[in-house]
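Computed from heavy atoms alone, side chains included, the values below leave out hydrogens, waters and symmetry copies. Lettering of chains follows the sequences in order, A, B, ..., and the numbering in each one begins at 1.
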Amino acid sequence: MLLPSDPAFRVTVRDLTKSYGDSLVLDHVSLNLESGCPCCLMAPSGAGKTTLFRILMGLETADSGTIEGLEGRSFSAVFQEDRLLEGYTVLQNIRFVTGRGYPAHELTAIIKHLLPEDSLKKPVSEFSGGMKRRTAILRAILAPADIVLMDEPFTGLDPDTKQQAARMINKYTAGKLLLFSTHSQEDAALLGAEILRLGENGGLCSPGI
Amino acid sequence: MLLPSDPAFRVTVRDLTKSYGDSLVLDHVSLNLESGCPCCLMAPSGAGKTTLFRILMGLETADSGTIEGLEGRSFSAVFQEDRLLEGYTVLQNIRFVTGRGYPAHELTAIIKHLLPEDSLKKPVSEFSGGMKRRTAILRAILAPADIVLMDEPFTGLDPDTKQQAARMINKYTAGKLLLFSTHSQEDAALLGAEILRLGENGGLCSPGI
Amino acid sequence: GPEKPAETSAAGSAESQTAAASSNAEASVPETNEKESSEAAAAGKESSGGSGDGTVIRVGGLKGPTTMGLVKLMDDTENGKAQNDYEFTMVTAADELTALVAGNKVDIALLPANVAGVLYNKTKGGISVIDVNTLGVLYLVSSDTSVTSIDQLKGKTVYLTGKGTTPEYSLRYLMSAAGLTEDDVTLEFKSEPAEVASVLAEDPSRIGLLPQPFVTSALAQNESLSVILDLTKTWDEAQEQAETKSRMITGVTIVNNDFLAAHGDLVDTFLSEHEASIRFTSEDPDTASMLIEAAGIVPKAAVAKKALPGCNIAFLSGGEMKTALSGYLKALFDQNPASTGGALPDDAFYYTGAVSN
Amino acid sequence: MHRFPDWSRRTAILLFWLFLWHLASLAVQNQILLVGPLDALKALAVQLASPASWGALWFSFGRISLGFFMAFLAGLLTGSLAFWKPLAGEILEPAIQFMKSVPVASFVILALIWTGAENLSVFISFLVVYPVIHINTLAGLSHADPGLLEMARVFRVPVWRQALSIYRISLYPYLESALKTSLGMGFKSGIAAEVIGVPGGSIGEGLYMAKIYLSTADLFAWTLMIIAVSSVFEKLFLLLLKTIAGNGVPGKEENHAASV
Amino acid sequence: MHRFPDWSRRTAILLFWLFLWHLASLAVQNQILLVGPLDALKALAVQLASPASWGALWFSFGRISLGFFMAFLAGLLTGSLAFWKPLAGEILEPAIQFMKSVPVASFVILALIWTGAENLSVFISFLVVYPVIHINTLAGLSHADPGLLEMARVFRVPVWRQALSIYRISLYPYLESALKTSLGMGFKSGIAAEVIGVPGGSIGEGLYMAKIYLSTADLFAWTLMIIAVSSVFEKLFLLLLKTIAGNGVPGKEENHAASV
Ligand SMILES: Nc1ncnc2c1ncn2[C@@H]1O[C@H](COP(=O)(O)OP(=O)(O)OP(=O)(O)O)[C@@H](O)[C@H]1O
Ligand SMILES: Nc1ncnc2c1ncn2[C@@H]1O[C@H](COP(=O)(O)OP(=O)(O)OP(=O)(O)O)[C@@H](O)[C@H]1O
Ligand SMILES: [Mg+2]
Ligand SMILES: [Mg+2]
C-alpha cells in the first residue's frame, strides 16, 4: 500500500452534499486536490471543515456527490482533537501507527525537533496541551501515507513552535497530498498553501475544477 | 458565596515554585492581579500556563510560594480542554454549573449571541470543535464567580466568532478578576488585557509587584 | 448453589454416612473403590467360579448402611475369592448413584427402595429388584422419654425433614395404622437434619424423627437425647394382623434387565454371595467394621461397629422380598403416587427367579 | 448489517438451539437424563395450565425479586459509600469478600433458622447479587471522568448534581453489565435455595420433586420457566435502568459502529 | 488520608469483624448453629496440621482454578467474538442466558454422568465464571474510545495492534471488576459442587462430613479456609492481570484523588 515517491496524483471532489438531520452542512462542495500542492481549507467555525475531512477519510458517508482518486491511497491525519494514546510515550504513539518500520533512534531524533528532550519518557497524559498537539503532528507526518489531512494542526502552539512545526510538515509531506484547515491566514502562508474557502453554508468553494 | 458587584479586590502571587519530578515548571513566579483589569498570560507552549491556572484553582499545590486574596472567592473557568458534559445540550451544560438561578429563556437569549439557533437542541457531542469552545466560554461567563480563568479560550474560533466571543467575555466579566492565556497578541488586545509573560523556564514575569 | 445431597428421602442422605463422631479429621476417605477382580483373577490362584465367561459385573452403591453388608464380598473380590468378577463403585452422593444407574454405568446397584420403584417406572421396566439389603433406619428421638408408642404422639409435634418424601409417608402410614388421623399429630418440617437436631436441643420436650447416621450424631452432640422409638419395629408390630406382612425398607438391590437377561446365572451367583456377605456382617461385626473402614464406607471401624445395630442390615429375597417390599411401596404409593414413580411396580419388578430361601 | 428483521432472526436463533437440544436428546436416548424440547414444552404446557404453577411462579419470583431489589439498593448504597469514604469501603471489604466466597452449605442451617425455608431464597439471592452491585458501583464511580470532576469542583457544583450528571454517566455501563451478570445468578441461586429449603408451593419444590422422582420432562419445564422469567426480568430491569439513568449516556451502538 | 499504616489498619478491621462474630456467637449460644472465632480457629489449626487437609486444598482449588481459568479464557474469546461479529454474539446469547440462570439442580444428574463427581467442580465453576467474563469482555470492548478507533482506522493500524493498545485499555477495568465478582463466586460454587458430588479427599467432602457430624467448628474452619484461599487467589489474579494488561491504564488512585 505504501507508494513512496509516487508519481503525482489528484483527488477530485464533486458536488458533495451532507446534512445531519435537517441541517445542511456541505452543500454541493467541489474541489480539486493535487499531490505536492498543499491546500488550506478556511471557513467559519461550524461550516463543515471537519465533516469534509471525515468524508475524505471514509469515516462519514456523503449524501450525494463523488470523490475520485482515493482508491489505494493511504491516509494519515491530525484530528481536531488530539486522539493520542494517553498512557503511551510519544515514541509509542508514533509506533502505534507506523509499526516497527523506522528504528527508534531515528524517530527520536526527529521527535526532538519538536519536543523537549525530557518529555520523551513521559506518557503524553502528562504533556501540556501544545505538546500533545505537536505529538499529533509528529504522528501524522511520520506515518507512511499518500494523503495527509490536518484539522487545525496549529491549535495551541506558540509562534516559534508553530514555525518549527510548519517546517517539519513541509519537509515530511513533500510530494504528498496535504490538506489542512485553519482559521488564520498566516498559518496558510506558513505552509505555502493555496487557500480554499468553504462558504457560509458549506457552499461551493475553491479555485478547483 | 456569591458577591455581586463586589468592591474591587486583588490576588497576589509570590514566588510560586512548582516542579513535576525533576523538571521545574514554575520557578519563583510572582504576579499581581486585580479585579476589573483583565490580564493575559503569554508564554511558549509547555511553559507552565496551565499549571499556574491549576494552582490558582486549587487543583494542584505549589511546592513553595504564597497566594493571597483567594479566600472566599468563587471561580469559573475555561479549561484548555473543553470539559463539557457531552450528552447534554448547551443549556444543560450551563445549568450544570449555574443551577436553576437564571430563567431558561434569558440564558437562551444569551446563548444565541454565540451559537446558531439550531444547535440549541443538540447534545454538545454533535457540535463542531469551535462550537464546543464557545459553549465552554458561555459556561464560564454565565457562572456566578469572582475570578474567571480562561486557558486559551479562543482555540478553534474563526475571526468573527472570536470578536463576538470577546465582546461577550468583556461584558459578562466586567468587574471580575479575569486572567486568560493565549499565544496571540491580537487576542490579548481583543480583551483589552495587560500582557504578562511567563519566562522560558517559568521564570519571573509580569509588571506586577 | 449447593443442593441437598440426599435424594428421595432422608434415608437417602442417611446412606451417605453412618455413625457419629465429633471429629472428622479423617478427611481422606478413599473415594471410589474400584476393585478389579479381573486382575486378581488373572493373577489367578483360584478359578473365578462357576460362570467363568469373564464378564465383569459393575456394582454401584452408596457409602452407608446399604453397603455395609457388601464389604465381605468386596474383600473377597479383592482377594480373588469371589465367584464372579466384580467392579465396585462406592459413591457418597445419591445424585451420583442415580446418574450411574440412569447412564448405564453400573449393572447392579444398591438403592433406596422407592428410588428403585421410580426407576422401574421411568425406565419402563428396565430394571428388576433382586433383594432387600437394609430395613428401616428411622427413629424417633427426644429428651422426653415418656412417649413409647406411636399413639402416644397424639397432640404432640414431631420435627422431621423431607416433606413429601419417604420419612413423612412412613410416619403417616404408622400413624394411621395406630388409629391417629392427620390432625392428631403436627408435623413440623425442617430442611436439614442438623436443623432438627438444633431444634431438639432448644426444648427437651420436643420430638424429632431422624434417619440413622443423624440419630447417632445428634445423640453424640446432645447427651440428654435418646431414641424413644424404632420405626422399623413399630412397622413390624403394625403388621401383626395383616395377611401379607410388609416391612419398612431402606435399601434394595436392583439389576439392569438387559444384564439380567444376558447373565442370569451371574446375577444368581451375586445374590448368594450378597446374602453370605450380609450374614457375615451380622455375625461378625468386629471384622465387618474393619472391612467397612477399609472400604471407606465409614471413616473409623469403631464408629462403624457402634452404628451397625441401628442400621438394620438384612437380606430378603424371592417371595419374602416381594411381600415386604410391595407392601412398603404400596404404603408410600397410597400417600403419594409420585413417590414410587407414578405407579405401583407390577410383578415383573420383582425378580424371584432362581434363588429361594 | 443483518438481512433479517430482528424478531425473525431471534426466532431463528432460538429454533437453532432447540434443534441442537433435540439432536442431543436423540443422541442420548435416555428419558431420565435428557428429554427433548418437545417433551419439555409439552410438560411446560401442562404446568402453565395449572393455577398451582402460576402460584409457584409468583411465590418464588416475588421473593427472589425482593432479594434482588434489596441487594441492588444496598449495593448501590454501600458501593457509593465505599467510594465516598474509602475507609468505610475497607471496613466493608471483608464482609463483601465473605459474601462472595462463602459456600451456602456453610451457613445454610443458620440461615434457615433466621429466615425460615420460605424466605431463604430472598436471603440467598440478596447474597449473590449484593457483592456484584457493590463492586460494580465502586468501579463505575471510580472511573468517572477526572476532567469533568475537576471542572465541577472549580465551579463548586453541589455533589448531588455531580452525582446526577458525571457519576451517573460513568456508573451506567458498569451497572448495566452488573445487572446482566447478577440478575440471572440471583434468580438461579434463589431457586437453588428453594431446592434446599423446599418451601411448599414454590418453584424450588417443583424442581426438587421433579428431580427426586426423576420426572425429567417436568424438571426441564420448570427450568425453561426459570430461564424465560429471568430473561424477561433482565430485559425489564435493563429498560428500567435505561429509563431512569440512561439519559445522555453515549450509546453503545454508535461506539460499536465506529469500530467496524 | 489514613493515620495508620496499611497493614495495621487491615489487621484492625479484621479483628473488628472477628469480634463481631465472637459477639454473635455469644448471643446465639448454640454450638450447632454458630461457633465462635476461637473454636473455629482452633479447628483450623488442627486441620492445617494434617497433610490430608492440604491434600484436599490442593485437590479442590486445583480443580476449581482450572474451571475458572478455562472460563476466563473462553469468556475472553467468545466475548471478543461477540463484539467482533455481533451475529455470533446473538447466536451465543441464549446459551449465555442459559448458563446464567439455570439452577444446578436442573442438570446435576446429567453433569455427574459427563464429568463424574470429581470433576463436577471444574464444570460448575466454569459455568458460573464464564458468563461474567463474557459479558464484561463484551462491555469493555464496546466502550473502547471511538475517537481512538477512528484514528486507528484512518492510519490503517492492524487489528491486533488496536487490540493491544485501544481495546486493552477499555477492557481492563471491566475485566478487573469481572474478576472481583466472579473469582469468589467460582470458588464458592465449585465447593458447592463438591458438596453435591462429595468426591473423596476434597474440601467439599470435608464440609459435607462436618455438616453430617454436626461439627460446626470444622465446618467454619473449612469455610475460613475457602474464604482465605479465594481472597488470596483474587489478589494474585488481579496482580497477574495488572502485570499482563495493566500497562498504560489510567490508575484508579489518580481518578479517585481527583474526586475528593
Ligand atoms: N454527528 C453529528 N450529528 C449532528 N450534527 C453534526 C454532527 N457532526 C457535526 N455536526 C454539525 O455539522 C456542522 C459542521 O460541523 P463541523 O465539525 O464539520 O464544523 P467545522 O467546520 O469543523 O467547525 P470548527 O471550525 O468549529 O471545527 C455543525 O453545525 C455541527 O453541529
Ligand atoms: N501531571 C503532570 N505530570 C508531569 N508533568 C507535567 C504534568 N502536568 C504538566 N506537566 C509538565 O509541566 C510543563 C508545563 O505544562 P503546562 O500544561 O502548564 O504548560 P502550558 O504552558 O499550559 O503549555 P501549553 O501552551 O502547551 O498548554 C510541561 O513540560 C508538562 O510536561
Ligand atoms: Mg472542525
Ligand atoms: Mg496549557
*E:Arg153 side chain vs E:Leu148 backbone, donor-acceptor pair below 3.5 Å*: no

*Taking the six-membered ring of A:Tyr20 (Phe, Tyr or Trp), confirm whether the NZ or CZ of A:Lys18 is under 6.0 Å from its centre and within 45° of its axis.*
yes

*Check whether NZ of the Lys or CZ of the Arg E:Arg63 lies under 6.0 Å from the centre of the six-membered ring of E:Phe61 and within 45 degrees of that ring's axis.*
no

*For E:Phe233, which residues count as a ring pair (Phe, Tyr, Trp, His ring centres under 6.0 Å) partner, sequence neighbours excluded?*
E:Phe187

*Take the angle between the ring planes of E:Tyr130 and E:His134 and call it parallel below 30°, perpendicular above 60°, tilted in between.*
tilted

*asked:* Strictly less than 4.5 Å between heavy atoms, which residues of residues 123-140 of chain A line up against chain E? Please order them by number.
replied: A:Arg139, A:Ala140

*asked:* Report which part of A:Phe75 has an atom under 4.5 Å of a heavy atom belonging to chain E: side chain, backbone, both, or neither.
replied: both

*What part of A:Leu149 gets closer than 4.5 Å to chain E, counting heavy atoms only: side chain, backbone, both or neither?*
neither

*Go through the structure and list residues passing salt bridge (charged side-chain N to carboxylate O under 4.0 Å, His left out) with A:Arg54, not counting sequence neighbours.*
A:Glu60, E:Glu150

*Checking A:Phe79 against chain E: side chain, backbone, both or neither under 4.5 Å from a heavy atom?*
side chain

*Could you list the residues that satisfy ring pair (Phe, Tyr, Trp, His ring centres under 6.0 Å) with E:Phe72, not counting sequence neighbours?*
none

